[in-house]
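Convention: sequence-line order gives letters A, B, ...; per-chain numbering from 1. It should be emphasised that the depicted structure is a prediction, and the values quoted were computed from it without experimental measurement.
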Amino acid sequence: MDFSRRVTELINSVPHGKVATYGQIARLAGNRRGARLVSYLLHSLSEKYDLPWYRVVNRSGKISLKPGYGYELQRQLLENEGIMFGNGDAIDLDKYGWQT
DNA sequence: CATATGACGATAT
DNA sequence: AATATCGCCATAT
């Protein structure tokens, strides 16, 4: 429970216009290997709370969702915050990464 | 209680 | 460098 609560708080702490990675959240939550849990928790928690789940991408700065299953939505939400997708589908984490 | 699962990440091939 | 495989750990069933 502690882990999931911290995850929600961390997600809520991601500044507008920035993105975090699953592994980063997991690490900050005290679980270096919990990247997968973060994704799972986002699934369930984002439906219960209103988390900015779309500010979380995988460590390559890419959206993990498949096109047609949320990819387009997330990409659009991020672009709405001023985040530009570089090479077609990747975000420049150096530039938009949280806590660079 | 045991097994399955996952919006990942690191390592091995 | 690109792809495949394994590990990790909380939830769900």
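Rounding to whole angstrom units, CG of residue L93(A) and P of dC8(B) are separated by 15 Å. Per the geometry, CG belonging to N31(A) stands 13 Å off C1' belonging to dG7(C), to the nearest Å. Atom CG in D2(A) sits roughly 16 Å away from atom P in dC9(C) (whole-Å rounding). Note: CG (L73(A)) to P (dA7(B)) measures 16 Å, nearest angstrom. Between the P atom of dC8(B) and the CD1 atom of I63(A) lies a distance of 12 Å, rounded to the nearest Å. Look at CD1 on I25(A): it is 14 Å from P on dC8(B), rounded to the nearest Å. Regarding H43(A), its NE2 atom lies at a distance of 13 Å from the C1' atom of dT11(C), rounded to whole Å. Atom NZ of K66(A) and atom C1' of dG6(B) are 12 Å apart (whole Å).
Contact detail for L78(A) and R55(A): the closest heavy-atom pair is CD2-CA, 4.1 Å.
Counting only heavy atoms from C-beta on, L42(A) has its side chain closest to dA7(B) among dC9(C), dA7(B), dA12(C). Set against dA12(C), dC8(C), dA7(B), the side chain of R36(A) has dC8(C) as its closest nucleotide. Taking every side-chain heavy atom of L37(A) into account, dC9(C) is the closest of dA7(B), dG9(B), dC9(C). Out of dG6(B), dA7(B), dG9(B), the shortest distance to the side chain of W53(A) is found at dA7(B). When distances are taken from the side chain of R33(A) to each of dG9(B), dA10(C), dC8(C), the shortest belongs to dC8(C). Listed nucleotides dG9(B), dA7(B), dA12(C) differ in distance to T21(A); the shortest reach to its side chain belongs to dG9(B). Nearest nucleotide to the L41(A) side chain, out of dG7(C), dT11(C), dA7(B): dT11(C).
Contact annotation for S46(A): base contact, defined as any heavy-atom pair under 4.0 Å involving a base atom. Across all strands, G23(A) comes closer than 4.0 Å only to sugar-phosphate atoms, never to a base (heavy-atom distances). R59(A) comes within 4.0 angstrom of the backbone, heavy atoms only, and of no base.
Residue order along DNA chain C, read from the 5' end via each residue's closest nucleotide, puts G34(A) first among G34(A) and Y40(A). Of the two residues contacting DNA chain B, namely Y54(A) and R32(A), the nearest-nucleotide position lying further toward the 5' end is that of Y54(A).
Remark: S39(A) is not in phosphate contact with dG6(B), judged by side-chain N or O atoms under 4.0 Å from OP1 or OP2. Considering only side-chain N and O atoms, S4(A) lies under 4.0 angstrom from the phosphate OP1 or OP2 of dT11(C).
Taking a 6.0 Å sphere around CG of N80(A), one finds it holds more than 12 heavy atoms contributed by other residues, nucleotides or ligands.
Of the N and O atoms on the side chains of Q76(A) and Y54(A), not one donor lies less than 3.5 Å from an acceptor on the other residue.
Geometrically, R59(A) does not engage Y22(A) in a cation-pi contact, judged by NZ or CZ lying under 6.0 Å from the ring centre and within 45° of the ring axis.
Under the 4.5 Å side-chain criterion, counting only non-hydrogen atoms from C-beta, V38(A) is not in contact with Q24(A).
No donor-acceptor pair closer than 3.5 Å links the side chain of T100(A) to the backbone N or O of G97(A).
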